[in-house]
There are 2 protein chains.
Amino acid sequence: MQRVSATKEAILAAALELGALHGISGTTMEQVAERAGVAKGSVYYNFSSKDKLFGELLTTGVSKLAQTLHDARLSASGFAGVEAMVTAMLSLLEANRALSKLMAAEIFRTDRAWQESIFALRREALTEIEEALVPLVPAGTSEAMRLLMAGGIFGATLMGGLEWLLFSPQTPVSDVAAALLFTLSGKLDAGPTPPTLG
Amino acid sequence: MQRVSATKEAILAAALELGALHGISGTTMEQVAERAGVAKGSVYYNFSSKDKLFGELLTTGVSKLAQTLHDARLSASGFAGVEAMVTAMLSLLEANRALSKLMAAEIFRTDRAWQESIFALRREALTEIEEALVPLVPAGTSEAMRLLMAGGIFGATLMGGLEWLLFSPQTPVSDVAAALLFTLSGKLDAGPTPPTLG
DNA sequence: GTCTATAAATAGATAGAC
DNA sequence: GTCTATCTATTTATAGAC
């Protein structure tokens, strides 16, 4: 009584790897079928269109990322919460390299069929970080500013993580987390300071 | 005695806008020609292939980014140098939104014809940031660690910048810079500390 | 230098046998 | 559920008139 069939799993895995290598538009359904070890007809039997296939892939992936950040945020408070989120996100990137590359390339696209749901999930992930920042920024800081900061932390982790996985994958995750957190610590770590930001 | 013809300029501009909207693989030479107001034959007269066209576009763009970071680094020392680089990069992103989106989507692709030159230029940009970090990190910090930090700062600026331009473009660049720099200040700003990083 | 027309290959998607 | 075969449209690229 498995949730999804083995064929569907194989198709999703093939699409993920090919999408990370060549982008979504650069990946053909024929290639997906070949890599999954099935015929193209079987791909269309499981996914009615290319958009549906990659939409499901990305929605699931970003959703998992948001959930990971949520769990990490609840695991610690103060700056330790941010540390936990960065570290958990790095581990997720390491365990899902293909998905990470795909996300990085697709997260700002504005012309996809699945755009709305991805944007909503991305916002969900950012909001997790933003909420962890509330007690760490000056009292008068607006939510918009906190979201920009959250975007920065998210971007630092995603790009730093991809830099790591592509160009120095032998570095242990703890070192990468330490490097990224070093650039983030300091004022955040010191707790609330007088309001100087809009 | 212009360096490039008006037609070539129009083609490059059209390719840039369309590439930012639909990705490179998702943009056709026919669309580029139409948007540039020329026939497809004229596009191929100026660029022998689609790869050459987008390769030139990206190479020029990332090169400009590296140059911008270089100039900003020389304009100030210490943490002020990092501040100058982040602010200059944000201004560049704002002035070249389409290029920014294209870069974000393409900078980690590993299957492009122009991959090597882009990777070299990206590394050049990162090295600019990395050099500015030398006097700001603990004495024993390795170059690899500094490059990871640089990747984080680069990613924070790129993603924070795109977040800004896509979702709250009314925010002035100074506020965005302040938000991103707030998360980066602190330990960096405080100068060298005892070596605790590999 | 710019155009139209077209070649040659490939894409997403469907039909229908098994 | 999975396959082969195929339809239709699109894509990169070229040829050759102007």
Side-chain angles (χ1 to χ4, degrees), chain A residues 1-59 102 105-106 109-115 117-118, chain B residues 1-59 102 105-106 109 111-115 118:
Chain A
M1 199 165 103
Q2 48 198 151
R3 284 256 300 269
V4 296
S5 71
T7 296
K8 200 166 177 177
E9 288 279 17
I11 292 168
L12 283 168
L16 178 57
E17 288 161 42
L18 288 167
L21 281 175
H22 310 119
I24 293 177
S25 297
T27 298
T28 73
M29 294 295 261
E30 183 72 54
Q31 292 174 316
V32 171
E34 191 179 3
R35 181 147 194 159
V38 299
K40 190 158 60 165
S42 295
V43 175
Y44 278 96
Y45 176 81
N46 284 279
F47 299 93
S48 58
S49 73
K50 189 181 176 182
D51 267 353
K52 283 271 173 54
L53 169 55
F54 282 99
E56 177 168 327
L57 208 51
L58 277 173
T59 304
L102 200 57
E106 293 289 329
R109 288 290 291 274
T110 52
D111 65 329
R112 298 296 203 187
W114 56 78
Q115 174 194 336
S117 53
I118 294 297
Chain B
M1 198 164 103
Q2 47 197 156
R3 285 253 302 266
V4 297
S5 71
T7 296
K8 201 166 174 176
E9 288 278 17
I11 292 167
L12 284 168
L16 179 57
E17 288 161 43
L18 289 166
L21 280 174
H22 310 120
I24 293 177
S25 298
T27 298
T28 73
M29 295 296 260
E30 183 72 55
Q31 292 174 315
V32 171
E34 191 178 2
R35 182 148 194 160
V38 299
K40 191 161 56 169
S42 295
V43 175
Y44 277 97
Y45 175 82
N46 285 279
F47 299 92
S48 57
S49 72
K50 189 181 176 182
D51 267 354
K52 283 270 173 54
L53 168 56
F54 282 100
E56 177 168 327
L57 208 53
L58 277 173
T59 304
L102 200 57
E106 293 289 328
R109 288 290 291 273
D111 65 329
R112 297 296 202 189
W114 57 78
Q115 175 194 334
I118 294 295

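Proteins get letters first, then strands, A, B, ... in listed order; numbering begins at 1 in each. Atoms considered below: every heavy atom in the structure, side chains included; atoms not considered: hydrogens, waters and symmetry mates.
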Are any of Ser5(A)'s side-chain N or O atoms less than 4.0 Å away from OP1 or OP2 of dG1(D)?
no

Is there a residue in residues 22-29 of chain B whose heavy atoms reach under 4.0 Å of DNA chain D, and which residues are they?
Thr27(B), Thr28(B), Met29(B)

Are the side chain of Ser42(B) and the backbone N or O of Val38(B) linked by a donor-acceptor pair below 3.5 Å?
no

Rounded to whole angstrom units, what separation is found between the CZ atom of Phe47(B) and the P atom of dG1(C)?
13 Å

What is the distance from NZ of Lys8(A) to P of dT2(D), rounded to the nearest Å?
12 Å

How close do Ala33(B) and Ala39(B) get, heavy atom to heavy atom, and via which atoms?
CB-C, 3.8 Å

Which heavy-atom pair separates Asn46(A) from Ser5(A) by the least distance, and what is that distance?
OD1-OG, 4.1 Å

Starting at atom CD1 of Ile11(A), determine the distance to atom C1' of dG1(D), rounded to an integer number of angstrom.
11 Å

Using modelled atom types only, decide if a donor and an acceptor are shared between the side chain of Thr27(B) and the backbone of His22(B) within a distance under 3.5 Å.
no

How many whole angstroms separate atom OH of Tyr45(B) from atom C1' of dA13(D)?
17 Å

Return the nearest nucleotide to the side chain of Lys50(B); candidates are dA13(D), dG12(C), dT2(C).
dA13(D)

Rounded to the nearest angstrom, tell me the gap between atom CG in Leu53(B) and atom C1' in dT12(D).
13 Å

How close or far is atom P of dA9(C) from atom CD of Glu30(B), stated in whole angstroms?
20 Å

If you find the nucleotide of DNA chain C closest to Gln31(A) and the one closest to Gly41(A), which residue's nucleotide is nearer the 5' end?
Gln31(A)

Short side-chain N/O contact to dG1(D) OP1/OP2 from Ser42(A), under 4.0 Å:
no

OP1 or OP2 of dT2(C) sitting under 4.0 Å from any side-chain N/O of Thr7(B)?
yes

Separation of Asp51(A) atom CG from dG12(C) atom C1', in whole Å?
11 Å

For the pair Lys40(A) (side chain) and Gln31(A) (backbone), establish whether a donor and an acceptor sit closer than 3.5 Å, ignoring hydrogens and angles.
no

Return the value, rounded to whole Å, for the distance between atom CD of Glu34(A) and atom C1' of dA11(C).
15 Å

Is the NZ or CZ atom of Lys8(A) positioned over Phe47(A)'s six-membered ring, under 6.0 angstrom from the centre and within 45° of the axis?
yes

Side-chain contact check for Lys40(A): nearest option of dA13(C), dT2(D), dC3(D) is dA13(C)

Side chain of Glu56(A), backbone of Leu53(A): donor and acceptor closer than 3.5 Å?
no

Does dA13(D) have OP1 or OP2 sitting under 4.0 Å from an N or O in the side chain of Tyr44(B)?
yes

